[in-house]
Amino acid sequence: MSYAAYKMMHWPTGVDHCAAGFVTHSPSDAAAFFTAATVGPGPEGDIDSAAAASRPRRLGPSPNLVVAAANVLEVYAVRAETAAEDGGGGTQPSSSSGAVLDGISGARLELVCYYRLHGNIESMTVLSDGAENRRATIALAFKDAKITCLEFDDAIHGLRTSSMHCFEGPEWQHLKRGRESFAWGPVIKADPLGRCGAALAYGLQMIILKAAQVILSLCWSYFMSKSLHGLGNLPHDAYQLLAVPPPISGVLVICANSIHYHSQSTSCSLDLNNFSSHPDGSPEISKSNFQVELDAAKATWLSNDIVMFSTKAGEMLLLTVVYDGRVVQRLDLMKSKASVLSSAVTSIGNSFFFLGSRLGDSLLVQFSYCASKSVLQDLTNERSADIEGDLPFSKRLKRIPSDVLQDVTSVEELSFQNIIAPNSLESAQKISYIVRDALINVGPLKDFSYGLRANADPNAMGNAKQSNYELVCCSGHGKNGSLSVLQQSIRPDLITEVELPSCRGIWTVYYKSYRGQMAEDNEYHAYLIISLENRTMVLETGDDLGEVTETVDYFVQASTIAAGNLFGRRRVYGKGARVLDGSFMTQELNFTTHASESSSSEALGVACASIADPYVLLKMVDGSVQLLIGDYCTCTLSVNAPSIFISSSERIAACTLYRDRGPEPWLRKTRSDAWLSTGIAEAIDGNGTSSHDQSDIYCIICYESGKLEIFEVPSFRCVFSVENFISGEALLVDKFSQLIYEDSTKERYDCTKASLKKEAGDSIRIVELAMHRWSGQFSRPFLFGLLNDGTLLCYHAFSYEASESNVKRVPLSPQGSADHHNASDSRLRNLRFHRVSIDITSREDIPTLGRPRITTFNNVGGYEGLFLSGTRPAWVMVCRQRLRVHPQLCDGPIEAFTVLHNVNCSHGFIYVTSQGFLKICQLPSAYNYDSYWPVQKVVRPLNQVLSSMADQESVHHMDNDVTSTDALHKTYTVDEFEVRILELEKPGGHWETKSTIPMQLFENALTVRIVTLHNTTTKENETLLAIGTAYVLGEDVAARGRVLLFSFTKSENSQNLVTEVYSKESKGAVSAVASLQGHLLIASGPKITLNKWTGAELTAVAFYDAPLHVVSLNIASFFLETSEPAAPSPGPPDPLNLSAMVLFEQQQQQNSQQAVKNFVLFGDIHKSIYFLSWKEQGSQLSLLAKDFGSLDCFATEFLIDGSTLSLVASDSDKNVQIFYYAPKMVESWKGQKLLSRAEFHVGAHITKFLRLQMLPTQGLSSEKTNRFALLFGNLDGGIGCIAPIDELTFRRLQSLQRKLVDAVPHVCGLNPRSFRQFHSNGKGHRPGPDNIIDFELLAHYEMLSLDEQLDVAQQIGTTRSQILSNFSDISLGTSFL
């Protein structure tokens, strides 16, 4: 393997930083709509307008929440729901259904925008000058000394860079003061009044950035500042300053053992424990009534006199600054609740705060002062865990597994499942809490295991076989430790399946007789319609699926094109349409060609249909369009052929209907004459209640030329038009209201327009369109377009009202197909779409007249979104207005899909595979799909930490034996640990503890592995559980540990029995164990020993002395296929000629001991990696080569690419290096030195590599069938892989990567090449080869427009299709889960 690809598959989830500010809207905008909320909803950015809809309230306008997780930046809006709202009109119920606090019944976080940056965010703040009509600016700091300011741009509905500041390079070298290594990155803070920002870089160098007056960007100015007030003799443990908000003002100095308040007029202090120190002669200082330490605590102001601390132990403390109107008299500290271990906290307005965590789920918490007695009774009596209702948001929140937020010292828990009443009725501040929302986090990933799912299919083959596997990970830390079960793809829970060959489509429809039984959202389906090749089947979906084909009036003699509900019921077949009332036909229609086009009387076939009650849009096989118009009074349809398309010469490629439904249809807000528009008032016949939703129907048409138009229905007046939709531009703007941008966008478009001719650009066609708006008061429509090459274009609508000075009116073309009379007044002038990145890897040729592949759903297992059929089927779920893509590979290609809701399948679905099987399934309810991968978090009981895991999980149990909080500082706690073996009782069920292995006093389990040892007595292989431990007794006692072996047996009642078969003390800590050719390899401190197993004893047969301490141990075993020597290859000598060898699985029986080659790789804590070989003949464990550099290893593993063996190591500086062994090369010092093959900066601490065989793909098929990739997990909660690739693919993608560095505008102005360079942190390092490509950068290629993609591909001497094929091949080859 000479070349590799780095690809992230699951991005970081651990929150490092959070801040709040009015980013998407100004305080005056929010306040205006807050006061007028009773007459209408606020703008998109308004957060509390919904919460103020019913009455005057204390809740003021809330700012946005900005969250940073490693290199991921996200901006959220807080959507509050008032108690007056009943969930109607698209308002989703909250996480705490029925629990009302301060007039709010629920709140949730909704994504506004997110970005993956080419650099880790070291610090973040929000800069605001406090002006009511001005928005805030996000200021980010990056290593070594970079600062970027971002502002929200309404024109693109995203962040744009307003200023950049770099204090690196030769001109700023003096700031380093001769140093090259720094313990932390730059820290940036904002002046509370918005006058300036300050950054602390290079340790103690302060940089002042003055805020500009026009826009809130930062302008650096070098000047001498004058100190207005200073204070000396602060405690040595002071680590944080908090500005006290007016009218009190001043500053709080936070120390580990005390808190001090200082202002120009007064000072006061508070001691927190007995370790606080003060200068001699200082006045007596008041003491807290309980002992606590505040080092590493996070703080935020809840009001102008109350600050909340989240401590390192997970306690929430409230500090009150007692102020009499003139001076601060004292500081009062009291305990509040226990919460998640926080890495950052921030207040969001005056009713919410956010607890961001790297170690557990991050929580959105609502708080309230002095709750009334009635509210207190509601809060104390209600159990919010019993969330009712089946709407997507409630079901989704119900499934979010909050971390165990525990009682640290007898205080109440603050968790997502509990509602917390005020801390004490006698407290000075009676504060109530409710956790309203949670962002799931699977980090830090310390260890993980790869195994079969509980519902695995043993008969699966190829790519479908990979969905049999899942990752079980050790997540979190301390009391927030948990198991995270991760699955890259969805394997549904199968209810039943039947063989059904030649299926072309399936649909489920309702019948009105069912509507009186339950609410419409929970209505059961009445019929299942199955379209076969030459006929149609109809089944009733009652208690059982029963065929009623012969007893209904459906047209069953031919296949069906589409079916759906229209004022009750209707369906379409190939040459006509039938309207049915249940099973009885009430109308039949036939379609013929237009007289002017054809003299033939032959019926015209329907290619596809789109239904939006009461209209049906038909696209005929000849490309024409017909509209069926329904009459609610007579329940009949009339055929209308829109004249606008008859007279047009442009051929229609795809069309669809969009129904904009709700109390206020969203698209009305984007037109200039919105106050004149009226919609269709639809009476919803529910269970005795009726509400009138307004519905506007639109027709979306895309022509073969690529132009997209949106028409009103039934008038077919064009209200929106885009010239080149299939090009995939980043922004879609109505051509009659197009803006002139200062960045010369139009000029860049013109110069790349000719590039379409460089490749078969004309062959790109749109084959399917879909537009849908899912539930939620603030939700916006999504627009999807499927191209014939498999590309899925996804756009999200937003409203932008441009100023008149920036708008250029485009002259109306007489060739336009729309009626342009007064067009500018009735068009959707303010409607725009911005493109959304969506990870769909399917690259297949889709026929133009193929069956529909996009199916939208509103409730499948409590989720909403769309399902994409085809060779690589995938779920696209809409969570928090964010698209979550989850592939479904378990059944191969899927031909048809529909939802099903009946007695036996609640909110399930039906799909038909290409093998001819119809399956009725449900989504696994135990998993949360609002994440990069479906995840199930198994929250352990109190005070448990997970650190290591094999096929069984190792859990550290900490027993806190403190009896009283007052005696906390007097009691010496002893940590007791144990290893627990867990088993999943059933698919989607709970993980039960099957056995417990207690450790001795002061003994920690460091490593747990399943090993296969050869018993020399019985001559059989035994599978045992090996545990390596260490006794932690302090630095004055020599380290020692134990090696434990356990066997597994089945009892009579099929229970697993764990029996200890071996235990022996070691002189060092046992940090790693592994099995090598039937032997047990043990790393004990600086010594590695190889032991043979006799059934009762371990006998050392070989050893090797490591430099300091072994942190990782890896084995690679091979056996020789033939005795003939391999022919030498041209070029540099092969490091290890494995062309006649294949990877040997140690679990298999060895045929010839002589034919096996065994290699050992271990990483040292400071001395890099060592490469050993084991020869049983002579019992030698000998050194082959080592890295002579200094490297603090985190994880190591072998990387195998056919005949090439490489060695991979991750280090403490967040780098990955790939080495190889080449004894014949001069640089290797006669084979003693490992040579560098590639190096790469990952940006995260990788804790484990897992070697998995890559799947064969058409593009990657070669002689290298023995190709393995490395799956890794990091401490930020990210998962990725390092995969070997061939040289031709590498050269092509490396050229593309270099081109994209300059061709793509990067957020925050960060340079991806600089970010991926090896970071030595001041140590001497010789740069290695650049042989790893970065898929984080290459992913931007698919987001370029088609014109730019073709142009870039031509510049590097390749084609767009070849590049996309390489992307797809690597994605398919690394689909491990």
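Computed from a predicted model, the values in this text were never measured in an experiment.
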Does a side-chain N-to-carboxylate-O contact under 4.0 Å join [X] and [Y]?
| X | Y | result |
| --- | --- | --- |
| Glu704 | Arg651 | yes |
| Asp734 | Arg832 | no |
| Arg116 | Glu1336 | yes |
| Arg135 | Glu151 | no |
| Arg853 | Glu768 | no |
| Lys7 | Asp1334 | no |

Once you measure the plane-to-plane angle for [X] and [Y], does it fall in the parallel (<30°), tilted (30-60°) or perpendicular (>60°) bin?
| X | Y | result |
| --- | --- | --- |
| Phe1367 | Tyr1341 | perpendicular |
| His796 | His834 | tilted |
| His25 | Phe22 | perpendicular |
| Phe645 | Phe716 | perpendicular |

**OP:** Determine, stepwise, if the pair Leu792 / Ile838 fulfils side-chain contact (heavy atoms from CB on, under 4.5 Å).
**Re:** CA-CA 8 Å; Leu792 181 64; Ile838 185 168; 3.9 Å; yes
Original post:
Can the ring centroids of Phe782 and His772 be said to lie less than 6.0 angstrom from one another?
Top reply: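 No, they do not, as the ring centres are separated by 6.0 Å or more.
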**OP:** Please confirm whether Phe909 and Phe897 have ring centers closer than 6.0 angstrom.
**Re:**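 Yes, the ring centres sit under 6.0 Å apart.
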Original post:
What residues, two or more places apart in sequence or in another chain, satisfy ring pair (Phe, Tyr, Trp, His ring centres under 6.0 Å) together with Phe857?
Top reply: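 With neighbours one apart ignored, the set is Trp875.
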Subject >> Derivation of the side-chain contact (heavy atoms from CB on, under 4.5 Å) call for Leu73 and Val67 >> reply: CA-CA 6 Å; Leu73 179 68; Val67 170; over 6 Å; no
**OP:** Say whether, by atom type as modelled, one donor and one acceptor occur between the side chain of Tyr863 and the main chain of Tyr929 under 3.5 angstrom.
**Re:**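 Here the side-chain-to-backbone pair exists.
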Original post:
Sub-3.5 Å donor-acceptor pair from the side chain of Asn830 to the main-chain atoms of Ser799, do we have one?
Top reply: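 Side chain of Asn830 to backbone of Ser799: no pair is present.
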**OP:** Determine, stepwise, if the pair Arg765 / Ile726 fulfils side-chain contact (heavy atoms from CB on, under 4.5 Å).
**Re:** CA-CA 7 Å; Arg765 293 284 185 274; Ile726 62 172; 5.7 Å; no
Subject >> Test item: Leu159 and Val1307 side chains (from C-beta on) under 4.5 Å apart, heavy atoms >> reply: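 Sidechains of Val1307 and Leu159: no contact.
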Subject >> Side-chain heavy-atom pair Arg780, Arg773 within 4.5 angstrom cut-off >> reply: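 The answer is no; the side chains never approach within 4.5 Å.
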Tell me whether the NZ or CZ atom of [X] lies within the 45° cone about the ring axis of [Y] and under 6.0 Å from its centre.
| X | Y | answer |
| --- | --- | --- |
| Arg79 | Phe778 | yes |
| Arg882 | Tyr114 | yes |
| Arg884 | Tyr932 | yes |

